[in-house]
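Notes for the one structure printed next.
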Amino acid sequence: MIDELRRLDLRAWSLVGLAFCVLMMGVALVLEHVVGLEPCPLCIFQRVAVLAAAAVFLVAALHNPEGRLGAVLYGLLSLAAVGGGIAVAWRHLWLQSLPADQVPSCGPGLDYMMEILPWQQVLSQVLSGSGECAEISFRLLGVSLPGWTLVGFLILALAPLGLLLAANRPRRGYHWPG
């Protein structure tokens with residue numbers, strides 16, 4: 001199995017990453033629209049990280065650059081998006097672990113903040129936490145949704161690492177003479 005993974009090229013790793021992003025977003029949308037769980041601001045930020053990684057994987061798969069620089073660039077960009085998702089999921093888990101008396105109070109909704117505050121201030125307020133982000137509304141096998149999202153991001157991190165691995169291998173296929 002390790003040998004098969006080593007043989008994957010940039011396009012294959014990009015498509016694997018994109019497929020996993022689609023899976024993660026599919027689960028999130030089913031939980032929202034079928035199960036009825038409303039996403040909190042940190043959940044929405046985690047979705048943004050998944051979408052950012054998906055966008056990088058899609059462009060990488062379509063572009064499929066020949067040189068090492070392209071693979072490294074796409075690997076680092078997708079790793080940054082996944083790393084951002086890991087950080088937000090970790091922060092979300094930390095908020096959920098706080099004792100009830102230390103949970104920050106609920107602030108205004110994300111839509112309202114986006115309308116009246118600059119982006120940097122919205123980001124700061126959301127990451128500092130709110131009471132709604134500390135609520136645990138669903139568990140699967142004893143793990144809350146941010147915990148499962150963190151696991152998803154850790155698995156997804158294999159795709160950018162695969163892109164970086166592909167950057168260090170010579171390309172297969174036809175090469176123009178000369």
Side-chain angles (χ1 to χ4, degrees), residues 1-6 8 12-58 75-114 119 121-165:
M1 169 129 175
I2 300 292
D3 287 336
E4 288 84 14
L5 291 176
R6 284 189 186 141
L8 292 178
W13 277 113
S14 299
L15 292 173
V16 166
L18 179 61
F20 200 79
C21 288
V22 168
L23 174 68
M24 287 180 73
M25 282 305 299
V27 169
L29 293 173
V30 165
L31 288 172
E32 179 179 357
H33 297 288
V34 176
V35 178
L37 298 175
E38 285 296 317
C40 72
L42 287 175
C43 292
I44 292 169
F45 277 26
Q46 289 168 66
R47 289 182 185 188
V48 168
V50 171
L51 292 173
V56 174
F57 290 133
L58 176 63
L76 292 175
L77 286 173
S78 56
L79 193 58
V82 172
I86 288 171
V88 173
W90 191 274
R91 176 73 176 173
H92 200 166
L93 280 171
W94 176 79
L95 278 172
Q96 288 184 339
S97 73
L98 291 175
D101 63 329
Q102 294 180 15
V103 171
S105 63
C106 290
L110 185 59
D111 291 337
Y112 177 75
M113 287 192 291
M114 293 290 286
W119 170 243
Q121 203 170 350
V122 171
L123 183 63
S124 174
Q125 283 203 284
V126 169
L127 291 178
S128 64
S130 78
E132 69 178 306
C133 293
E135 292 177 21
I136 300 175
S137 55
F138 183 84
R139 287 185 189 267
L140 178 64
L141 302 174
V143 179
S144 68
L145 286 177
W148 285 111
T149 306
L150 178 62
V151 169
F153 277 120
L154 292 172
I155 293 168
L156 182 59
L158 296 174
L161 296 175
L163 289 174
L164 294 171
L165 178 69

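Counting from 1, the numbers follow the sequence of the chain as shown.
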Report the C-alpha distance between Leu163 and Ser78 in whole Å, list the side-chain angles of each, state the deciding distance to 0.1 Å, and finish with yes or no for side-chain contact (heavy atoms from CB on, under 4.5 Å). CA-CA 9 Å; Leu163 289 174; Ser78 56; 3.7 Å; yes
Minimum heavy-atom distance [X]-[Y], with the two atoms named:
{"X": "Gly84", "Y": "Ala49", "answer": "C-CB, 4.5 Å"}
{"X": "Phe20", "Y": "Ile155", "answer": "CZ-CG2, 3.7 Å"}
{"X": "Gly75", "Y": "Pro160", "answer": "O-CB, 3.5 Å"}
{"X": "Ser144", "Y": "Leu93", "answer": "OG-CD2, 3.6 Å"}
{"X": "Phe153", "Y": "Gln46", "answer": "CZ-O, 3.5 Å"}
{"X": "Ala159", "Y": "Phe57", "answer": "CB-CZ, 3.7 Å"}

What distance do Leu156 atom CG and Leu23 atom CG have between them, rounded to the nearest 0.5 Å?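 The distance works out to 10.0 Å.
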In Å and rounded to the nearest 0.5 Å, what is the NE2 to CD distance from His33 to Glu38?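 It is 8.0 Å, given to the nearest 0.5 Å.
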Candidate pair Phe45 and His92, rule side-chain contact (heavy atoms from CB on, under 4.5 Å), full reasoning: CA-CA 10 Å; Phe45 277 26; His92 200 166; over 6 Å; no
Does some side-chain heavy atom of Leu150 sit less than 4.5 Å from a side-chain heavy atom of Leu154?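 Yes, at least one pair of side-chain atoms sits under 4.5 Å.
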Does Val143 offer a backbone N or O that forms a donor-acceptor pair with the side chain of Trp148 under 3.5 Å?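 Yes: the side chain of Trp148 pairs with the backbone of Val143.
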Could you check Val16, Leu51, Val50 and say which one makes a side chain to side chain contact (heavy atoms under 4.5 Å, CB included) with Cys21?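 Filter result, single survivor: Val50.
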Using the side-chain contact (heavy atoms from CB on, under 4.5 Å) rule, take Val88 and Arg47 through it: C-alpha gap first, then chi angles, then the decisive distance, then the call. CA-CA 10 Å; Val88 173; Arg47 289 182 185 188; over 6 Å; no
Test side-chain contact (heavy atoms from CB on, under 4.5 Å) on Glu32 and Cys43; report intermediate values, then the result. CA-CA 11 Å; Glu32 179 179 357; Cys43 292; over 6 Å; no
